[in-house]
Amino acid sequence: MQTEVIPSENKGLDLSTLRKGLGQSFFAANIVFHKLTDSTNNLAKKLAAKGAPEGTVVLAEMQTAGRGRMERRWLSPGYVNLLFSLLLRPPMKAEQVFGLTMLFALASIDGVKEESGLESRIKWPNDLYIGRKKLGGILTELSVRSNDVEYVVLGLGLNVNWNPAGEGVILYPSTSILAETGRVVSRERLLIRVLKMFESYYRQALRGGTDEFYEKWNERSMLLGKRVKIKAAGGNMCGNASRVDRSGALIIVDDSGQEQKVVCGDVSVLGIQDG
Ligand code: BTN
């Protein structure tokens with residue numbers, strides 16, 4: 001549903017509401033907020049290199065060089081959406097980080113559902129979709145030493161109170177919570193929900209791995225059963241998406257009937273433009 005509702009909440013994020021709502025969450029302790037930065041992922045990585053602690057949240061209203069995967073830009077007007085990055089220092093191996101991206105995607109769609117009632121889906125590995133339109137995207141970056149993770153930065157761009165129909169520059173079909181529901185939601189409350197949800201999933205994963213999320217992330221995946229094309233450094237591959245495995249990798253059945261494990265690359269689904 002497209003709408004002409006104009007957000008009344010055109011003011012900066014209220015950090016005291018955010019801190020209060022986060023309460024005892026480890027994300028409450030180190031919130032770095034900038035009205036304008038190049039990219040919250042860039043800033044989070046700079047802070048990480050200077051020793052910023054696990055749980056640091058870097059938030060911005062506007063980015064001059066917001067980035068997505070595959071060197072795409074992330075465009076968002078100021079004061080209406082959520083643009084933030086989380087710094088984590090999980091004691092894990094590099095290959096386990098896929099699981100964290102999936103948990104962050106799950107927490108994001110669960111937070112959206114709780115705050116607005118909207119059902120969104122994960123387009124493996126890092127996109128949030130409603131129908132054929134993109135609601136948000138995750139950019140995961142990591143630093144490793146001998147395959148041990150030093151830090152992970154999880155960045156999320158989530159379209160909240162934006163009216164994509166009114167924008168001149170759109171890279172792919174986009175939507176927002178406002179465009180879908182006609183209602184402006186509190187960005188602070190939404191962010192609190194996503195962060196608290198993610199913190200609980202993250203702690204569970206640190207205790208027992210990501211196995212217990214396997215069913216949930218498959219239920220919430222929009223690719224399964226669909227014919228997909230994977231563009232990867234080694235070439236393109238087509239097949240039917242079968243499941244997201246316990247590590248967070250995509251399993252597809254290729255045209256010769258063999259299962260292939262896909263750990264990176266760009267997935268396009270027939271009828272859905274790349275995003
Ligand atoms: C994608 O769609 O490929 C991922 C988009 C990720 C965008 C977010 S906005 C906050 C954070 N800072 C960035 O520069 N990128 C991520």
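Atoms within each ligand, like the ligands themselves, are counted from 1 in listed order. One is the number of the first residue; the rest follow in order along the sequence.
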Practice prompt. Would you indicate whether the side-chain heavy atoms of V228 and N240 approach each other to under 4.5 Å?
Written response: no

Worksheet item: Do the non-hydrogen side-chain atoms of F213 and R246 ever get within less than 4.5 Å of each other?
Response: no

Worksheet entry | Polar proximity ligand 1 side, Q63 side, N/O cut 3.5 Å exclusive | yes

Worksheet item: Out of K229, K231, R72, which residue meets the side-chain hydrogen bond (donor to acceptor under 3.5 Å, both in side chains) rule with D266?
Response: R72

Please identify which atoms of ligand 1 are closer than 4.0 Å to at least one heavy atom of [X].
X    : answer
F84  : 10 (C)
G66  : 14 (O)
N41  : 11 (C), 12 (N), 16 (C)
W74  : 2 (O), 5 (C), 7 (C), 9 (S)
I138 : 4 (C)
G68  : 1 (C), 3 (O), 4 (C), 5 (C)
T40  : 10 (C), 11 (C), 12 (N)
R67  : 5 (C), 6 (C), 7 (C), 13 (C), 14 (O), 15 (N), 16 (C)

Worksheet item: Is there a heavy atom of K134 sitting under 4.0 angstrom from any atom of ligand 1?
Response: yes

Worksheet entry | Transitive ILVMFWY side-chain link L106 to L118, under 4.5 Å | yes

Practice prompt. Could you go through the salt bridge (charged side-chain N to carboxylate O under 4.0 Å, His left out) check for E71 and R67 one step at a time?
Written response: CA-CA 7 Å; E71 296 179 18; R67 296 181 288 113; over 6 Å; no

Fill in: Side chain, backbone, both or neither: the part of N126 lying under 4.0 Å from ligand 1 by heavy atom
side chain

Practice prompt. Mind checking whether L156 contacts ligand 1 via backbone (N, CA, C, O), side chain (CB onward), both or neither, at a 4.0 Å heavy-atom cut-off?
Written response: backbone

Worksheet entry | NZ/NE/NH1/NH2 to OD/OE distance under 4.0 Å, E115 and R193 | yes

Worksheet item: Among I122, L128, L103, which residue meets the side-chain contact (heavy atoms from CB on, under 4.5 Å) test with S108?
Response: L128

Practice prompt. Hey, could you give me each pair passing ring-ring contact (aromatic ring centres under 6.0 Å, His included) that has a residue in residues 26-72? Not counting sequence neighbours.
Written response: none

